[in-house]
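Below: the structure, in structure tokens.
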Amino acid sequence: MLSWIRSPETPHRNFAFLDRDGVINVDRPDYIKGWGEYHFYPDALEALRWLREQSINAILISNQSALNRGIVRREDFWDIHDRMIHGIREAGGDLLAAFYCPHRPDEKCACRKPEPGMLLAACAVYRISMENVCMIGDRETDLSAAARAGCRGILLERLSGEAGAGESSPPAVPSPGAAAGRSVYRDLLQAVLSVYRFAVMP
Ligand SMILES: [Mg+2]
Ligand SMILES: [Zn+2]
């Protein structure tokens with residue numbers, strides 16, 4: 001497991017676990033191999049700013065098997081990470097930490113989602129109680145990892161893979177996830193506002 005860990009600026013104890021690809025930035029089937037392929041979702045930057053304004057610590061929880069598949073070089077991977085952090089901060093947001101699984105599925109590690117290893121590590125580092133945190137992701141594996149770790153999972157079902165879909169958040173509409181009785185959101189801003197607006201602890 002690769003981890004990038006900082007100390008909280010203030011002793012607040014609200015946290016949000018966020019997947020990266022498909023949640024913060026546009027995913028691509030051939031992996032994000034360099035910064036030129038990394039495109040923020042505008043709503044994600046707004047969401048991260050809102051979380052920071054509410055003193056909610058955002059923690060990235062991300063499978064990055066392209067590393068051990070040999071598709072992405074470590075230096076390029078960390079370059080993406082550094083520029084991502086810079087971009088988030090420029091937009092008024094922040095990340096407290098990032099946990100990445102570099103392993104391929106055949107390595108059978110304990111951190112690749114749907115395994116809960118990264119969530120458990122984050123909880124151990126920051127003494128997070130699982131009942132007070134959500135994992136927001138765009139895949140079933142994100143929800144499975146959340147369930148195995150004992151926290152709430154929130155599914156993003158974005159309408160398209162394109163960045164810049166607009167600045168407003170469309171209302172939730174029926175979807176396969178919703179039909180399955182789950183909370184489903186179309187973008188990250190809508191998700192964090194819905195989940196955290198009335199849930200922020202003093
Ligand atoms: Mg994803
Ligand atoms: Zn792993």
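Start at 1 and go down the list; that is how both ligands and their atoms are numbered. Counting from 1, the numbers follow the sequence of the chain as shown.
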Cation-pi check, R158 to Y41: give yes when NZ or CZ is under 6.0 Å from the six-membered ring centre and within 45° of the ring axis, no otherwise. yes
The Mg ion (ligand 1) contact by D142, N, O or S atom under 2.8 Å: no
Examine D19 and say whether one of its N/O/S atoms is closer to the Mg ion (ligand 1) than 2.8 Å. yes
Answer key: the N, O or S atom of D138 nearest to the Mg ion (ligand 1) is OD1
Between D27 and R139, is the salt bridge (Lys or Arg N to Asp or Glu O under 4.0 Å) condition met? List the steps. CA-CA 11 Å; D27 203 357; R139 297 201 181 183; 3.2 Å; yes
Where R112 and S65 come nearest, the two heavy atoms and their spacing: NH1-CB, 3.5 Å
Quick one: report the N, O or S atom of D21 that is nearest to the Mg ion (ligand 1). O
Tell me, which N, O or S atom in H103 is closest to the Zn ion (ligand 2)? ND1
Angle at the Zn ion (ligand 2): provide the value between SG of C111 and SG of C101, rounding to 10 degrees. 120°
The residue among H103, R104, E107 that forms side chain to side chain donor-acceptor pair (under 3.5 Å) with N68 is E107
Any luck finding a side-chain donor-acceptor pair between Q54 and N14 under 3.5 Å? no
